[in-house]
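All figures in this text were calculated on a predicted structure; none of them were measured in a lab. Chain A is the first sequence line, chain B the second, and so forth, proteins listed ahead of strands; every chain is numbered from 1.
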2 protein chains.
Amino acid sequence: MPKVGMEPIRRQQLIKATMAAIDEVGLADATVMRIARHAGVSAGIISHYFGGKDGLLEATMRQILSDLGTAVAARRRALADDSPRAHLGAIIDGNFDRSQVTGPVAKTWLAFWASSMHRPTLQRLQSVNDHRLYSNLCSQFRRLMPRQEARRAARGLAAMIDGLWLRGALTPEGLDADHARRLAHDYLDQLLAAHPSSPAS
Amino acid sequence: MPKVGMEPIRRQQLIKATMAAIDEVGLADATVMRIARHAGVSAGIISHYFGGKDGLLEATMRQILSDLGTAVAARRRALADDSPRAHLGAIIDGNFDRSQVTGPVAKTWLAFWASSMHRPTLQRLQSVNDHRLYSNLCSQFRRLMPRQEARRAARGLAAMIDGLWLRGALTPEGLDADHARRLAHDYLDQLLAAHPSSPAS
DNA sequence: TTTTATTGATTGAACGTTCAATAAAAAAAT
DNA sequence: ATTTTTTTATTGAACGTTCAATCAATAAAA
């Protein structure tokens, strides 16, 4: 079947296969051969398109982060009003969309999260993403409260989002996105309730 | 140096060395030889005392969970009053003690968390521990609100605790336990504020 | 002298990477 | 249109490395 212009197709195939393999047996046992089998290709092709296993893993993490960023940005762009609460709500919803919070993506994300502690490349990606979330939250809270408090609120909401999502990834039944979203929104309401310019929702 | 009664000493040594190795290079690169070197012994001894690498990893996770349980239980026993708020506060504080939230323990915990998704033995340990936390939280909230709401509150607080801790494990500077504790307590206050029999703190 | 604790070289399995060989499509030539 | 040539995509066996586990040998206490 070799045709011209296979590169983007194969890259996408292999990234998806990587998530499937990690979902199936975990990052530690996601060998190149298992990933290749998921994609229906041979093991050698991975080095050809990604320079090696590490390149594929990095590309996979990039894909997940990029999907997440897209989901958040789309919801913020579609916002009716420009209030801080609306933006913060959109950020929450975007984080619980996460281009399907479905099993494979969630487990892959957590696996990368853990291994980003010791792989500089992944750590950089994770750190950039993390800073973006924090800074987005912070600048919205900043419109309603002094800097110090805004920082606290941002840290709290970020922790809540990550915590809900982490627990979702670990429970065998998977994340109940609606339930998680509701808890996060409730927390957001409580954070805003103590401050003046927040209309009762 | 071989003496009689080395077993408990070596076991403790090796468990500590396991955390040190995971802190240093991550679970994936924590080989038996590296762990043994950290403990100042040979690689073969691991199989002798733990039956193999898996046995050592399981024992290490058990140790962490047991330390956590001890920290929480101690604070609850030392409580002055028996109010739900006091118990919940003690649970929070115990979780942010975690027998030192210091680097090695925190990173080891997160590493196990991630790999518990695919190792049945670790998953069982993690699940038992998780259920204990949730059920403790739930029964205290239950004293102040109807079951449905108590469940929600317990889920929310558990997520907040895990989220704060997770973020702490990932930031290079490590977890700021005081700050995390304060955020969790604030959230707890907000959860309780909406309900009758909670005196203003 | 017996028992207990420990070592470290060895073994076999598993892994990622490489690369010569191959197969299929595209392009060029007839 | 058909054949030939070139290009692109892919394979899978071979290689070197790394790891966990084993076990005969050893060393120190009892």
In whole Å, I'd like the distance from the [atom1] atom of [X] to the [atom2] atom of [N].
X	N	atom1	atom2	result
B/Arg11	C/dA5	CZ	C1'	15 Å
A/Arg10	D/dT8	CZ	P	17 Å
B/Ile46	D/dA21	CD1	P	9 Å
B/Leu57	D/dC19	CG	C1'	14 Å

Members of [range] that approach DNA chain C, where some heavy atom sits under 4.0 Å away:
range	value
residues 47-56 of chain B	B/His48, B/Tyr49
residues 17-25 of chain B	none
residues 31-41 of chain A	A/Thr31, A/Val32

Heavy-atom side-chain contact between A/Ile92 and A/Leu88 under 4.5 Å: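 A side-chain contact is absent here, since even the closest heavy-atom pair is not under 4.5 Å.
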Going by salt bridge (Lys or Arg N to Asp or Glu O under 4.0 Å), name the residues that satisfy it together with [X], two or more places apart in sequence or in a different chain.
X	answer
A/Asp23	A/Lys107
A/Arg34	none
B/Asp186	A/Arg152
B/Asp29	none

N/O donor-acceptor pair under 3.5 Å between B/Arg142 side chain and B/Met145 backbone: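 Flag set: sc B/Arg142 to bb B/Met145 pair under 3.5 Å.
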Comparing B/Glu7 and B/Gly44 on DNA chain C - which has the more 5′ nearest nucleotide: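 Whichever sits nearer the 5' end wins; that is B/Glu7.
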B/Asp82 bridged to B/Arg143 by N-O distance under 4.0 Å: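 Answer for the salt bridge query: yes.
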From CA spacing to verdict: side chain to side chain donor-acceptor pair (under 3.5 Å), B/Arg151, B/Gln148: CA-CA 5 Å; B/Arg151 277 208 252 252; B/Gln148 196 77 352; 4.6 Å; no
Could you tell me which residues satisfy side chain to side chain donor-acceptor pair (under 3.5 Å) with [X], sequence neighbours excluded, listed by chain and number?
X	result
B/Ser116	none
B/Gln126	none
B/Glu58	B/Arg62
B/Gln123	none

Minimum-distance nucleotide (side-chain atoms of B/Ile45 versus C/dT7, C/dT17, D/dA9):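 So the side chain of B/Ile45 is nearest to C/dT7.
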Dot-bracket encoding of pairs in DNA chain C, which uses [ ] for pseudoknotted crossings and | for another strand, Watson-Crick or G-U under 3.5 angstrom: ||||||||||||||||||||||||||||||
Inter-residue atom distance A/Tyr187.OH - B/Leu191.CG, 0.5 Å rounding: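 Answer rounded to 0.5 Å: 9.5 Å.
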